[in-house]
**Q** 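Below are the structure tokens for one structure; questions will follow.
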Amino acid sequence: AVACGGNIVYYADEDDLSRGEGLFDSLGPAMERILNEQMTHASSLIVVSADPASTKNQLEAAASLVLGNLVSSKQVSTLEDVFSTVEYVSSPEEAMALVAASEE
């Protein structure tokens, strides 16, 4: 997360989404790092999945259970408390276009 300036492209696994588990195994530590390095003002999360609307609902529901347990001096309860921008897209090309636009 630090090497990318706090910008993360996250490929949501459909099985994990349906079960609501395993989603934050790697994303959780990255979010802690963003919070503790005080990069929330410039960070973004781009989530890629086949069904962005459904993924948004499932990921945000799962996040509400995890975010309160992050090790950080800042209290967080939504993904928007960690990232300045959260986008849900359906293809890697869309994700990379958003990354490119954020670098301009």
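Keep in mind that this is a model prediction, so the values were computed, not measured.
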**Q** Do L67 and L70 have side chains that get closer than 4.5 Å, going by heavy atoms?
**A** yes

**Q** Could you pull out all residues at least two apart from N57 that satisfy side-chain contact (heavy atoms from CB on, under 4.5 Å)?
**A** none

**Q** Taking only residues two or more places apart in sequence, or in another chain, which ones meet S44 in a side-chain contact (heavy atoms from CB on, under 4.5 Å)?
**A** N7, T85

**Q** For a quick test of reading the model, state the closest non-hydrogen atom pair linking S43 to S84 and the distance between them.
**A** O-OG, 2.6 Å

**Q** Treating T55 as the side-chain partner and L17 as the backbone partner, does any N or O pair qualify as donor plus acceptor under 3.5 Å?
**A** no

**Q** In terms of hydrophobic clustering (I, L, V, M, F, W, Y; side-chain heavy atoms under 4.5 Å; direct or indirect links), are L65 and M31 co-clustered?
**A** no

**Q** Working to the nearest 0.5 angstrom, can you tell me the gap between L59 CG and L45 CG?
**A** 7.0 Å

**Q** Which atom names give the shortest non-hydrogen contact between A50 and S90, and what distance separates them?
**A** O-CB, 4.4 Å

**Q** Would you say that Y88 contacts D51 through its side chain, given a criterion of any heavy-atom pair below 4.5 Å between the two side chains?
**A** no

**Q** Please round to the nearest 0.5 Å and tell me the distance separating atom OG of S54 and atom CD of E14.
**A** 7.5 Å

**Q** Does anything in residues 86-100 form a salt bridge (charged side-chain N to carboxylate O under 4.0 Å, His left out)? List the pairs, not counting sequence neighbours.
**A** none

**Q** What residues form a side-chain hydrogen bond (donor to acceptor under 3.5 Å, both in side chains) with S77, not counting sequence neighbours?
**A** D81

**Q** Mind checking side-chain contact (heavy atoms from CB on, under 4.5 Å) for N69 and listing every partner two or more places apart, or none if nothing turns up?
**A** none

**Q** Are the side chains of V66 and L23 in touch, meaning some heavy atoms are under 4.5 Å apart?
**A** no

**Q** Suppose the criterion is salt bridge (charged side-chain N to carboxylate O under 4.0 Å, His left out): which pairs have a residue in residues 56-68, not counting sequence neighbours?
**A** K56-E60

**Q** Quick one, I8 with I34, criterion side-chain contact (heavy atoms from CB on, under 4.5 Å). Give me CA distance, side-chain angles, the key distance, then yes/no.
**A** CA-CA 10 Å; I8 297 173; I34 288 168; 3.9 Å; yes

**Q** Taking side-chain hydrogen bond (donor to acceptor under 3.5 Å, both in side chains) as the test, write out the residues that go with D16, two or more places apart.
**A** R19

**Q** Applying side-chain contact (heavy atoms from CB on, under 4.5 Å), name anything that partners P92, two or more places apart in sequence or on another chain.
**A** Y11, V48

